[in-house]
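Owing to the predicted nature of the structure, the values given are computational and were not obtained by experimental measurement.
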Amino acid sequence: MKEKFFIAAGGLSLALAVVGVFVPVLPTTPFLLLAAWLWLRSSRKLHDWLMGHRRLGRYIKDYQENRAVPVRVKAFALAFLWASMLFCIFCVLAGRTWLQVVLLGIALAVTLHILLLKSSK
């Protein structure tokens with residue numbers, strides 16, 4: 001029963017990580033790490049697949065070994081974050097000043113978090 005729960009939770013975590021690539025305030029790395037951890041304890045086959053994935057596997061290994069994120073990934077994350085946040089602030093939330101301020105605060109906090117992560121090559 002525990003094994004099936006871990007497999008399902010790992011799948012959900014991976015799905016959230018993939019969504020996090022496109023949604024600026026949803027973190028990708030923690031969900032990828034959680035999926036790897038859950039599958040390591042439940043399904044060697046799924047864990048090996050994830051760690052061997054041509055994009056996600058390298059990202060997880062780099063973070064586990066160096067606690068770092070590639071500069072290219074940081075740049076992409078920041079560009080996508082600010083493009084989507086500015087669109088929401090000025091187009092979607094036009095006229096709702098307090099929501100615009102909240103969203104701006106979130107964007108600044110996420111930016112600070114990304115910039116404070118160690119960079120890898």
Side-chain angles (χ1 to χ4, degrees):
M1 184 72 165
K2 180 177 152 183
E3 182 179 310
K4 289 181 182 179
F5 173 76
F6 276 17
I7 289 172
L12 177 61
S13 183
L14 179 62
L16 289 171
V18 171
V19 170
V21 170
F22 303 102
V23 177
V25 294
L26 189 63
T28 301
T29 303
F31 286 119
L32 283 176
L33 295 173
L34 179 60
W37 183 86
L38 289 164
W39 285 345
L40 179 63
R41 280 144 186 83
S42 61
S43 171
R44 179 53 100 179
K45 183 179 177 180
L46 289 171
H47 179 265
D48 290 347
W49 172 81
L50 181 60
M51 296 306 287
H53 192 275
R54 69 183 183 113
R55 293 188 192 264
L56 302 177
R58 191 182 88 230
Y59 190 66
I60 295 168
K61 288 174 192 170
D62 190 38
Y63 191 81
Q64 286 177 334
E65 293 170 4
N66 305 315
R67 297 285 189 252
V69 176
V71 174
R72 191 179 92 250
V73 171
K74 287 171 115 178
F76 174 78
L78 289 173
F80 197 79
L81 167 76
W82 281 101
S84 60
M85 287 297 199
L86 291 173
F87 172 76
C88 288
I89 289 170
F90 293 111
C91 297
V92 176
L93 298 176
R96 298 182 185 138
T97 307
W98 73 274
L99 284 174
Q100 290 173 314
V101 171
V102 168
L103 203 57
L104 181 61
I106 291 170
L108 290 171
V110 172
T111 298
L112 181 62
H113 171 72
I114 291 171
L115 291 176
L116 290 176
L117 290 171
K118 200 163 65 169
S119 297
S120 66
K121 297 176 184 177

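Taking Ile, Leu, Val, Met, Phe, Trp and Tyr as members and joining any whose side-chain heavy atoms lie under 4.5 Å apart, directly or through other members, Val71 forms no hydrophobic cluster with any other residue. Here Val101 is tied to no hydrophobic group at all, with no ILVMFWY side chain closer than 4.5 Å.
Evaluation of the side-chain hydrogen bond (donor to acceptor under 3.5 Å, both in side chains) rule for Asp48 yields no partner, not counting sequence neighbours. With sequence neighbours left out, Lys74 forms a side-chain hydrogen bond (donor to acceptor under 3.5 Å, both in side chains) with Ser119.
Residues Leu46 and Ile60 share a hydrophobic cluster, clusters being chains of Ile/Leu/Val/Met/Phe/Trp/Tyr side chains in contact below 4.5 Å. Under the 4.5 Å side-chain heavy-atom criterion for grouping Ile, Leu, Val, Met, Phe, Trp and Tyr, Leu56 is connected to Leu117 within one hydrophobic cluster. Both Leu81 and Ile89 are assigned to one and the same hydrophobic cluster, defined by single-linkage of ILVMFWY side chains at heavy-atom distances under 4.5 Å. Leu104 and Trp98 end up in the same hydrophobic cluster when Ile, Leu, Val, Met, Phe, Trp and Tyr side chains are linked at under 4.5 Å. Side-chain heavy atoms closer than 4.5 Å link hydrophobic residues (I, L, V, M, F, W, Y) into clusters, and following such links, possibly through other members, connects Leu33 to Trp39.
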Extract all donor-acceptor atom pairs below 3.5 Å that involve side chains of residues 105-115 and protein atoms in other chains or at least two apart in sequence.
residue : atom : partner : partner atom : Å
Thr111  : OG1  : Trp82   : NE1          : 2.8
Thr111  : OG1  : Ala107  : O            : 2.7

Using distance only, find each side-chain donor-acceptor pair of residues 2-14 under 3.5 Å and give its atom names and separation, not counting sequence neighbours.
residue : atom : partner : partner atom : Å
Ser13   : OG   : Phe31   : O            : 2.5
Ser13   : OG   : Ala35   : N            : 3.4

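The neighbour count for Arg72 CZ, taken as heavy atoms of other residues, nucleotides or ligands under 6.0 Å away, does not exceed 12.
Aromatic ring orientation, Trp49 versus His53: perpendicular (interplanar angle above 60°, classes split at 30° and 60°).
Atom-to-atom distance recorded for Leu50:CG and Ser43:OG is 10.5 Å, nearest 0.5 angstrom.
The nearest pair of heavy atoms linking Ala94 to Gln100 is CA-NE2, 3.8 Å.
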